[in-house]
Amino acid sequence: MALVSEFLGQLTLAYGGESEPKFPTVVAARDFDPAKDAARIETAIKTKGVDEQTIIDILTRRSYDQRREIAFEYEKLAKKDMITALKGALSGSLETLILGLMKSTTQYDAFELKSSMKGLGTDEETLIEVVCSRNSEELLDIKKVYKEMFKKELEKDVAGDTSGNFAKLLLSLVQTKRDEPSNVVDYEKIDQDARALYEAGVKRKGTDVATWISIMSERSVPHLQKVFDRYKSYSPYDMKESIRMEVKGDLEKSFLTLVECFENKQLYFANRLHEAMKSKAAKEKVVTRIIVSRCEVDLMKIRTEFKKTHGKSLYQTISEHTKGDYQKALLSLCGGDD
């Protein structure tokens, strides 16, 4: 139960005026000694064949701020950069995961977005997951860090890499025009928006996508939750069914991701993880991204949703679909079995 009391003491994150509590599986270690950790990592890297276990034990059980302190001490001790040393010592999925942990959650999101738009072809799946699941405050931070890291505007890169209504939707999300949640429930506006969504889609031939985009990218989340509920009194189909009928491809995936995250973000991530580990070999890229980006945010709650929905714990599922040191690192970040 120690974990529970530890994470209840965690900070809360503002969600547009309201606080969004955190449910991390990785929290700051007590009795933390960065110099000692740095020395152990240096020994592990120098060991013939590399002692991956020690590296995993230390870096997956420290918070991001603590990992930064270890890197600082490491550089003083070893006279070289710890990230470069880790790159040289590790490989494959374990390397990707550990290097991911050396970035803050915001830096990691910015890096994943950049990677999804690098080179030939776009990794739309990553783009959709990150842009459509982060709240306005997180997106503002990501934009700032993206510019610092890559000397480019996130909006420009998204615009240059996507097209059509898909681009329009992503851009209006990235522009963070979403209303702050209000304490006043505006039933008239809820009704108007529900009817507008219906009239722009299911009711007519063709879809007025612009109306869908503006409502879904500009209204507050609590307001939209009520809109989707009200929507059912106009449409014979719920919002998700309507999306599947009206639009296709990346646009469909984006709208569905938005609606799923408005309804229950942790369930969305639990389902993504389940989907990524359905076949014998896991889609390691997706698993790594979700576990690394959520372990200091809400992975504890994602675990709960996973077990509730899929009848098996996330820990067990990771055990069955991954192997070796990569598996050990994931299980450690997962923080326990349910």
Side-chain angles (χ1 to χ4, degrees), residues 1-13 20-34 37 40-41 52-70 90 93-106 108-109 129 133 264-277 282-338:
M1 288 303 281
L3 254 179
V4 177
S5 58
E6 272 174 37
F7 85 72
L8 287 179
Q10 288 303 296
L11 303 166
T12 57
L13 190 85
E20 194 174 284
K22 288 195 163 189
F23 298 93
T25 53
V26 174
V27 294
R30 296 190 184 141
D31 310 321
F32 171 59
D33 181 345
D37 283 348
R40 286 180 63 205
I41 286 176
E52 285 95 348
Q53 189 61 56
T54 298
I55 297 171
I56 292 167
D57 288 345
I58 296 171
L59 295 178
T60 60
R61 302 314 304 157
R62 306 288 182 271
S63 67
Y64 166 70
D65 291 332
Q66 291 179 330
R67 290 179 214 123
R68 292 305 311 150
E69 282 185 65
I70 296 168
L90 306 170
S93 300
L94 178 66
E95 179 192 348
T96 309
L97 181 144
I98 295 291
L99 295 180
L101 291 176
M102 296 310 297
K103 297 176 175 72
S104 70
T105 300
T106 308
Y108 185 74
D109 283 350
E129 181 194 298
S133 71
N264 182 338
K265 190 181 289 189
Q266 288 76 30
L267 175 60
Y268 162 75
F269 284 120
N271 289 337
R272 289 275 295 150
L273 283 166
H274 182 254
E275 198 55 41
M277 291 186 280
K283 288 184 185 163
E284 294 182 350
K285 205 175 151 208
V286 179
V287 176
T288 301
R289 183 174 58 248
I290 296 175
I291 301 283
V292 169
S293 67
R294 309 312 291 184
C295 65
E296 292 193 55
V297 183
D298 56 4
L299 188 54
M300 189 62 86
K301 221 170 165 176
I302 293 169
R303 263 172 51 180
T304 308
E305 292 293 347
F306 193 97
K307 177 82 189 264
K308 203 162 77 185
T309 312
H310 302 292
K312 185 185 275 188
S313 71
L314 178 58
Y315 191 92
Q316 243 182 309
T317 307
I318 291 169
S319 305
E320 287 167 19
H321 294 269
T322 58
K323 50 185 189 297
D325 292 315
Y326 172 61
Q327 180 196 75
K328 288 176 193 159
L330 285 174
L331 292 176
S332 179
L333 292 173
C334 182
D337 201 350
D338 297 298

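- When each of Ile290, Thr25, Val27, Thr105 is checked for a side chain to side chain contact (heavy atoms under 4.5 Å, CB included) with Cys295, only Thr25 meets the rule.
- No salt bridge links Arg68 with Asp65; every basic N to acidic carboxylate O contact stays at or beyond 4.0 Å.
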Show your working on side chain to side chain contact (heavy atoms under 4.5 Å, CB included) between Ile318 and Ile291 and close with a plain yes or no. CA-CA 11 Å; Ile318 291 169; Ile291 301 283; 4.2 Å; yes
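- One finds a salt bridge joining Glu320 and Lys312 here, because a Lys/Arg side-chain nitrogen approaches an Asp/Glu carboxylate oxygen to under 4.0 Å.
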So Glu69 and Phe32, side chain to side chain contact (heavy atoms under 4.5 Å, CB included) or not? Walk me through it. CA-CA 10 Å; Glu69 282 185 65; Phe32 171 59; 3.7 Å; yes
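- The pair Lys265-Asp298 fails the salt-bridge criterion, with no side-chain N (NZ, NE, NH1 or NH2) lying under 4.0 Å from an Asp/Glu carboxylate O.
- Here the closest non-hydrogen pair linking Met102 and Tyr64 is O-CE1, 3.6 Å.
- Side chains of Asn271 and Glu275: no donor on one and acceptor on the other come within 3.5 Å.
- The two residues Leu314 and Phe306 have their closest heavy-atom pair at N-CD2, 3.5 Å.
- If you take CG on Leu101 and CD1 on Ile58, they are separated by 13.0 Å, rounding to the nearest 0.5 Å.
- Between Glu296 and Arg67 there is a salt bridge, since at least one side-chain N of the basic residue sits less than 4.0 Å from a carboxylate O of the acidic one.
- Taking NZ from Lys308 and CZ from Arg303, the interatomic distance works out to 14.5 Å, rounded to the nearest 0.5 Å.
- Heavy atoms only, all atoms of each residue included: Leu299 and Cys334 are closest at CD2-CA, 4.1 Å.
- A salt bridge does not link Lys307 to Asp338: none of the charged side-chain nitrogens sits closer than 4.0 Å to a carboxylate oxygen.
- Put simply, OG on Ser133 and CZ on Arg294 are 6.0 Å apart, with the number rounded to the nearest 0.5 Å.
- Here the straight-line distance linking atom CZ of Arg62 with atom CD1 of Ile70 works out to 5.5 Å at 0.5 Å rounding.
- A donor-acceptor pair is defined here as one N or O able to donate and one able to accept, closer than 3.5 Å; no such pair exists between the side chain of Gln66 and the backbone of Ala28.
- Across all their heavy atoms, Val287 and Met277 have their closest contact at CG2-CG, 3.8 Å.
- To the nearest 0.5 Å, atom CD1 of residue Ile41 and atom CD1 of residue Ile55 are 6.5 Å apart.
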Residues 93-100 side chain polar contacts: donor-acceptor under 3.5 Å, at least two apart:
from  : atom 1 : to     : atom 2 : distance (Å)
Ser93 : OG     : Glu284 : OE1    : 2.2
Thr96 : OG1    : Gly92  : O      : 3.2

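- Taken from NE2 in His274 to OG1 in Thr309, the straight-line distance is 9.5 Å, to the nearest 0.5 Å.
- Applying the salt bridge (Lys or Arg N to Asp or Glu O under 4.0 Å) rule to Arg289 yields the partners Glu112, Glu129; only residues at least two apart in sequence or on another chain are considered.
- The closest donor-acceptor contact from the side chain of Arg61 to the backbone of Ser332 lies under 3.5 Å.
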Determine, stepwise, if the pair Asn264 / Glu305 fulfils side chain to side chain contact (heavy atoms under 4.5 Å, CB included). CA-CA 9 Å; Asn264 182 338; Glu305 292 293 347; 3.1 Å; yes
Side chain to side chain contact (heavy atoms under 4.5 Å, CB included) for Leu333 and Val26? Distances and angles first, verdict last. CA-CA 6 Å; Leu333 292 173; Val26 174; 3.7 Å; yes
